[in-house]
Amino acid sequence: MLAKINDLTFPSNRSNITLVETFIEEVFKDLKVKDEFYGNILVAVTEAVTNAIIHGNKSIDAKMVSISVETPKENSLIFTIEDDGAGFNPEDVPDPTSPENIEKPHGRGIFLMKHLSDKVTFNKNGSSVSIEFSI
């Protein structure tokens with residue numbers, strides 16, 4: 001059974017990333033999560049939020065981003081990030097480790113999310129992503 005812990009909704013503005021950092025800190029405090037997981041969770045979740053703001057909502061302040069966290073079982077957290085955008089096909093995102101992309105300054109968000117978490121699932125045509133962590 002999923003137990004919803006907390007949620008947050010905010011306008012699509014990159015300055016709101018600080019709200020996400022505070023949100024994650026509160027989750028860690030409330031659930032007494034070990035500090036060793038903080039870095040991976042912070043980077044993966046903020047990458048997802050940044051993608052939602054920039055790519056999903058095209059940085060339009062009137063469009064919202066929401067983040068929620070659930071505990072599906074003991075020692076597990078699932079962060080879900082949703083935007084108001086049209087979505088995308090994750091399979092169409094180029095591999096940032098391929099030679100032609102290695103020096104590009106962008107395009108590593110999904111790669112980081114997948115490598116820092118235990119599972120990444122895209123829903124709602126890509127306008128929602130769930131990131132699971134074993135803690």
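We count residues from 1, following the sequence as given.
In the hydrophobic clustering of this structure, V120 groups with I81; members are Ile, Leu, Val, Met, Phe, Trp, Tyr whose side-chain heavy atoms approach within less than 4.5 Å, directly or through other members. Connection of I60 to I17 is not established within any shared hydrophobic cluster, with ILVMFWY side chains joined at heavy-atom distances below 4.5 Å, either directly or through further cluster members. Note on M113: it clusters hydrophobically with I24, by side-chain heavy-atom contacts below 4.5 Å among ILVMFWY residues. Note: the hydrophobic cluster containing L42 also contains L19 (ILVMFWY, side chain heavy atoms under 4.5 Å, direct or indirect links). Taking hydrophobic clusters as Ile, Leu, Val, Met, Phe, Trp and Tyr residues chained together by side-chain heavy-atom distances below 4.5 Å, V43 does not share a cluster with L77.
Counting only residues at least two apart or on different chains, the ring-ring contact (aromatic ring centres under 6.0 Å, His included) pairs with a member in residues 12-31 are F28-Y38. The ring-ring contact (aromatic ring centres under 6.0 Å, His included) contacts involving residues 82-101 comprise F88-F122, where partners must be two or more places apart or lie in separate chains.
Under the 4.5 Å side-chain criterion, counting only non-hydrogen atoms from C-beta, I110 is in contact with K114. Between I54 and R14, the closest side-chain pair of non-hydrogen atoms falls below 4.5 Å.
Residue S134 holds its OG atom at 11.0 Å from NZ of K119, rounded to the nearest 0.5 Å. Put simply, CD on E47 and OG on S117 are 12.0 Å apart, with the number rounded to the nearest 0.5 Å.
Side chain of T50 to main chain of T46: a donor-acceptor pair is present (N/O by atom type, distance under 3.5 Å, no hydrogens or angles).
For S127 and D83, the side-chain atoms include no donor-acceptor pair closer than 3.5 Å.
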